[in-house]
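This report refers to the structure that appears directly beneath it.
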2 protein chains.
Amino acid sequence: MATRTRRSQRRTEALSRERIVGAAVELLDAAGEGGLTFRALTERLSTGPGAIYWHVANKGELLGAATDAVVAAALAIEPDKSPKTPQDEIRAVALGLFDAIDEHPWLATQLSTQFSRSPWGSVTARIFESIGRQICALGVPEDNWFTATSGLVHYILGAAGQNAANARVLGPDVDRTEFLDAVSRAWEELDPGDYPFTRAVADQVRDHDDHEQFLAGIDLVLTGVTALHLPGGQADTPPAA
Amino acid sequence: MATRTRRSQRRTEALSRERIVGAAVELLDAAGEGGLTFRALTERLSTGPGAIYWHVANKGELLGAATDAVVAAALAIEPDKSPKTPQDEIRAVALGLFDAIDEHPWLATQLSTQFSRSPWGSVTARIFESIGRQICALGVPEDNWFTATSGLVHYILGAAGQNAANARVLGPDVDRTEFLDAVSRAWEELDPGDYPFTRAVADQVRDHDDHEQFLAGIDLVLTGVTALHLPGGQADTPPAA
DNA sequence: ACCTGAACACCGTTCAAGT
DNA sequence: ACCTGAACACCGTTCAAGT
């Protein structure tokens, strides 16, 4: 408690939507979803709630704007190292999102919510589009475009979100290997009768690299995507009888 | 407004954790995450907040218990029609979750949260385990068990969640095809320069069957899972150069 | 046009007190 | 052991009033 937040704000600096969104991101980063409060926001910006409501419709819109800002920055990084395969392009976008969610764990929930509330609005549309284009470039037949793209996006968001959540379960400074060790031990103590699989998989958790694990999942889905339209593989012909 | 909730409660019936969880599920179903309130709960059960806190530690625990109850019911349905392939088994579990989330949309957020907060606790562990066993039965090499299983689980939760959210975007009685039509049209009106892919995929959205689409995604991942360990396919050997 | 800040209707949670 | 209900510290949001 009594954590001094910076008072550096020149109170003369004009209030703007951007400044509000920036402060919102800072609060979310510092204390998660619960940290974004109109009281905290007014204190940090040294104004009253009315001032904020003049620039922003409500808390929901503010959350959306914060999400937009962070994701847009993450997707914009990519410079133009020209010759890349569609797979590499997909991995780059996926890793960009993975790292953004890792830095801003609140993004995971927010993106899922926003993605489902209005898929064609704002950021989520850009994510869908950028993955979709590569699916298309991969030579996937048009019938499978939608399935393949949304499959990938769901995996990316889900896996990245879980990783971020794992990272924050304990304090920010807990040793990663120490934490994974604890998880692994917890799994190993499960009832052997009820959880044989989870127990067997326990040490795979212990020493896995986050990025590697994440990319392995991407490749898994990509393998499925490309295998589907090879001779003998149709969407309606499941992988085995 | 002024929606009459049932007053049928015999006030003499003893308060119990089960009865509280049951009421919580009803409130969540009726009005979503925001509908679960200690005031609403006390009214429905005709008690005070103190009584509820005697049976339940806090709101988080109550949400967890509600999630547990609903998912356990969904996974328990499966009778023993004996001979099934692992794929069929996976599809059955996936569809069970899909339908449960469709009936109780709040489950999506809740499961993701719970899944990441403590993967080894309660329901999420059971989901992971039941999918994992089939992955194992599929002959996937042990190295890929964890990746394959969590990939599938993420897809299932993500896709089911999005479907449920879509279903509730408009009122519960809006025609499905009418809604999909609106989405499709919205996509078609996107900027052709920025969103060529999304526009191209717009009519695939218009006439898709939810279950079919969902299962196609499952098969896509399953194809990847099984293809990985065929001759020539290793986890570290991405689907194309 | 932009900002102030008191006020409103909520929320989760606690706790002395009852039975 | 189980329940009551007033009270506390918080929310998001509004709005008359100022500049």
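All heavy atoms count here, side chains included; hydrogens, waters and symmetry mates do not.
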**OP:** For C:dA17 versus D:dC2, give the span between their P atoms, rounded off to a whole number of Å.
**Re:** 22 Å
Original post:
Counting only N and O atoms by type, is there a donor-acceptor contact under 3.5 Å from the side chain of B:Ser16 to the main-chain atoms of B:Arg19?
Top reply: yes
Subject >> Whole angstrom value for the distance that separates P of C:dT4 from CD of A:Glu43 >> reply: 14 Å
Original post:
When the distance from CD of B:Glu33 to P of C:dC11 is rounded to whole Å, what number comes out?
Top reply: 15 Å
Subject >> Pairing partner of D:dC15 (Watson-Crick or G-U wobble, both distances under 3.5 Å) >> reply: C:dG5
Original post:
Over how many whole Å does the gap from A:Arg17 atom CZ to C:dC2 atom P extend?
Top reply: 14 Å
Original post:
Atom CG of A:Leu15 and atom P of C:dC3: how far apart are they, to the nearest Å?
Top reply: 5 Å
**OP:** Provide, to the nearest angstrom, the distance between the CG atom belonging to B:Leu45 and the P atom belonging to D:dT4.
**Re:** 10 Å
Original post:
In B/S/- notation, 5' to 3', how is nucleotides 12-19 of chain D contacted by protein heavy atoms closer than 4.0 Å?
Top reply: BBBB----
Original post:
Side-chain N or O of A:His55 less than 4.0 angstrom from OP1 or OP2 on C:dC3?
Top reply: yes
Please report, to 0.1 Å, the donor-acceptor pairs under 3.5 Å made by any side chain of residues 56-70 of chain B, with sequence neighbours excluded.
from	atom 1	to	atom 2	distance (Å)
B:Asn58	OD1	B:Gly60	N	3.2
B:Asn58	OD1	B:Glu61	N	2.9
B:Lys59	NZ	B:Leu36	O	3.0
B:Glu61	OE2	B:Arg17	NH1	2.6
B:Thr67	OG1	B:Leu63	O	2.8
B:Asp68	OD1	B:Gln114	NE2	3.2

Subject >> Atom-to-atom span, CD1 of A:Ile52 to C1' of C:dC2 - whole angstrom >> reply: 14 Å
**OP:** Find the distance between CD (A:Gln213) and CZ (A:Phe98) and round it off to the nearest 0.5 Å.
**Re:** 9.5 Å
Original post:
Does the distance from a Lys or Arg side-chain N to an Asp or Glu carboxylate O, for A:Arg133 and A:Glu129, drop under 4.0 Å?
Top reply: yes
Original post:
To the nearest 0.5 Å, how far apart are CZ in B:Arg126 and CD1 in B:Ile131?
Top reply: 13.5 Å
Subject >> Residue B:Glu33 excluded, over 12 heavy atoms near CD under 6.0 Å >> reply: yes
Subject >> For atom CH2 of B:Trp54 and atom P of D:dC3, their distance in whole Å >> reply: 8 Å
